[in-house]
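All remarks here apply to the structure that follows.
As the structure is a computational prediction, the values presented were derived from the model and not from experiment.
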Amino acid sequence: MGADRRGAGAAGRPRGKAFAPEYQGALGSLSVNSSLTDVLETGVRELRAAEAAGELGEVARCGLAVAEASRRLGRIDEADRAWKASYRAAREAGDVGAMAWALWSGGTLARQRGALALAYRLLRLAAELGERGGDVVVRGYSLAGLAETGRIQGDYQAVGELHEQLLAEARRRGEARHTVWALEGIAQMHRNTGSYDRALELFEEAAETAGRADDRRGRAWALRGIADVVSVRDGDVERALALLSEAEVACREMELSSALAYNHKMRGNVLYRAGRYAEARDTYAGALEEFRAMDEPRGTALSRLGLAKALARLGRDTAETAAELAELRDTLNRIGLRHARDMVEKAAAELGVGPLPSGEEEAPR
């Protein structure tokens, strides 16, 4: 069943260089660093041409690029319509690999919107179809999506081994972009469990790997991770802010709306840790607006948490702070983000407003 098939868009790519396998068919020549507006415009144009020609396989491939560009630009409804249309075209064409890619896109969008149960279901289906169709790339991306969903929930024991497995596979195939993703995921788990030295090593390796591969998106995320660690471990505010400013340039040039919002949220974290509460308040408020505009509940909740902490430090009423933290805890519990929920409890203790009022029951896993 073609177990070593590399998947659409991968053939002929040099090892060690980043490429975007989600850009396929007429869009296969686009760079991983292409402006998302350019990707969307090209994708829509080629999609219309494929529809006019009745080329269902090409409709599915172009629709995938439209879905991914829309998702990353924060155009959630457009992304939702596009991945579903891509899947329908792929199914009608009998293209199992294209069906898998569409489901991967839908699962990634579901995670971004906080619908984690749906994300798990779609990504599992995508991995199964990728294996059935012999497309190791979409299978790997889908398994990575499952691993990332578990990681952001805080279920490190369940997904740590999968991250390591995917890292080994990516290195073996010379897929720099996926190598960077896995390094960053493993680094984030070490950072969240207090292993700062190891986290920094892995984030720095990810940044170096992304730089060699010309993966600007991956490097921007890695720089954000480095900034976080040097801020929390070393208290090096100026270095952290400089790293975030460097990452922001790439986010703006490529129009990475979600990455930019998370960059701003991290800037708020750095300022808050430095005791610069008024600056942190304003930065968190800006990130909150960005996440709300994208309908991204996880980023919205984390920005609200940072803003609540900054306002408390600036003299907000204790009862108001406790009430907002309790609401945030319940929101994060509904989404299923256990690690973030624990962050709220720690914030309450840090600010002296705990224990929080009892809230909703534990969300089912």
Side-chain angles (χ1 to χ4, degrees), residues 7-9 20-25 39 43 47 56-57 59-155 158-159 162-163 165-166 169-170 177-178 181-182 185 257-258 294-299 334-338 363-365:
E22 67 270 33
Y23 301 158
Q24 302 173 12
V39 174
L47 175 59
L56 289 173
V59 168
R61 287 185 283 271
C62 294
L64 173 65
V66 170
E68 281 303 287
S70 298
R71 179 182 68 79
R72 290 164 179 159
L73 286 165
R75 302 178 185 180
I76 301 304
D77 291 339
E78 294 173 39
D80 192 49
R81 289 191 295 270
W83 84 259
K84 290 174 179 175
S86 174
Y87 178 80
R88 287 194 298 269
R91 184 177 59 188
E92 191 173 347
D95 188 333
V96 175
M99 290 166 63
W101 277 110
L103 289 169
W104 164 79
S105 180
T108 305
L109 177 64
R111 182 177 65 243
Q112 183 171 316
R113 301 179 78 172
L116 300 187
L118 177 60
Y120 277 123
R121 185 163 65 87
L122 293 176
L123 290 166
R124 285 192 184 105
L125 287 170
E128 290 169 7
L129 286 178
E131 185 166 11
R132 189 192 311 169
D135 189 329
V136 296
V137 179
V138 71
R139 174 185 170 275
Y141 270 59
S142 301
L143 290 175
L146 289 169
E148 186 163 346
T149 304
R151 178 172 57 77
I152 68 169
Q153 281 193 292
D155 201 356
V159 300
L162 181 55
H163 273 78
Q165 173 193 329
L166 292 169
E169 290 182 7
R177 188 179 176 206
H178 235 208
W181 167 86
S257 302
S258 181
M294 291 182 286
D295 189 23
E296 187 162 336
R298 176 172 171 252
R334 283 195 301 273
I335 298 173
L337 301 175
R338 291 184 291 280
R365 290 181 59 178

Are the charged groups of [X] and [Y] less than 4.0 angstrom apart, N to O?
X: E128; Y: R121; answer: no
X: E68; Y: R71; answer: yes
X: R151; Y: D155; answer: no

Report yes if the side chains of [X] and [Y] come closer than 4.5 Å at any heavy-atom pair, otherwise no.
X: Y23; Y: V39; value: yes
X: Q112; Y: I76; value: yes
X: W181; Y: E148; value: yes
X: L103; Y: L123; value: no

(message) side-chain hydrogen bond (donor to acceptor under 3.5 Å, both in side chains), that's the test. Do E296 and S258 meet it? Break it down for me.
(response) CA-CA 8 Å; E296 187 162 336; S258 181; 3.2 Å; yes

(message) Could you go through R177 and Y141, starting from their C-alpha distance and side-chain angles, then the distance that decides it, and tell me whether this counts as side chain to side chain contact (heavy atoms under 4.5 Å, CB included)?
(response) CA-CA 11 Å; R177 188 179 176 206; Y141 270 59; 3.3 Å; yes

I'd like to know if the side chain of [X] and the backbone of [Y] have a donor-acceptor N/O pair within less than 3.5 Å.
X: Q153; Y: L337; value: no
X: S86; Y: G63; value: no
X: T149; Y: G145; value: yes

(request) For S142, check side chain to side chain contact (heavy atoms under 4.5 Å, CB included) against everything at least two apart and list the hits. (result)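 So S142 forms a side chain to side chain contact (heavy atoms under 4.5 Å, CB included) with W104, A126, A127, V138.
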
(message) Using the side chain to side chain contact (heavy atoms under 4.5 Å, CB included) criterion, which residues pair with L47? Sequence neighbours excluded.
(response)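 For L47 the side chain to side chain contact (heavy atoms under 4.5 Å, CB included) partners, ignoring immediate neighbours, are E51, V59, C62, V66.
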
If you compare all heavy atoms of [X] against all heavy atoms of [Y], which two are closest, and at what distance to 0.1 Å?
X: E22; Y: L64; answer: O-CD2, 3.4 Å
X: A60; Y: A98; answer: CB-CB, 4.2 Å
X: H163; Y: A182; answer: O-CB, 4.1 Å
X: V159; Y: L146; answer: CG1-O, 4.4 Å
X: A93; Y: L56; answer: CB-CB, 3.8 Å

(message) Would you say the rings of W101 and Y87 are close, in the sense that their centroids are separated by under 6.0 Å?
(response)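 Here the rings of W101 and Y87 have centres that are no less than 6.0 Å from each other.
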
To the nearest 0.5 angstrom, please state how far the [atom1] atom of [X] sits from the [atom2] atom of [Y].
X: D77; Y: D295; atom1: CG; atom2: CG; answer: 8.0 Å
X: E131; Y: L143; atom1: CD; atom2: CG; answer: 8.5 Å
X: L116; Y: R334; atom1: CG; atom2: CZ; answer: 13.0 Å
X: T108; Y: R113; atom1: OG1; atom2: CZ; answer: 13.0 Å
X: S70; Y: R75; atom1: OG; atom2: CZ; answer: 6.5 Å

(message) Is it true that, when you exclude E92 itself, more than 12 heavy atoms of the residues, nucleotides or ligands shown sit nearer than 6.0 Å to its CD?
(response)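 Atom CD in E92 is not packed in, count stays at 12 or less.
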
(request) Check the pair W83, L109 against side chain to side chain contact (heavy atoms under 4.5 Å, CB included), reporting the backbone distance first and the verdict last. (result) CA-CA 9 Å; W83 84 259; L109 177 64; 4.0 Å; yes

(message) Does E169 form a side chain to side chain contact (heavy atoms under 4.5 Å, CB included) with R139? I'd like the steps, not just the answer.
(response) CA-CA 11 Å; E169 290 182 7; R139 174 185 170 275; 3.9 Å; yes

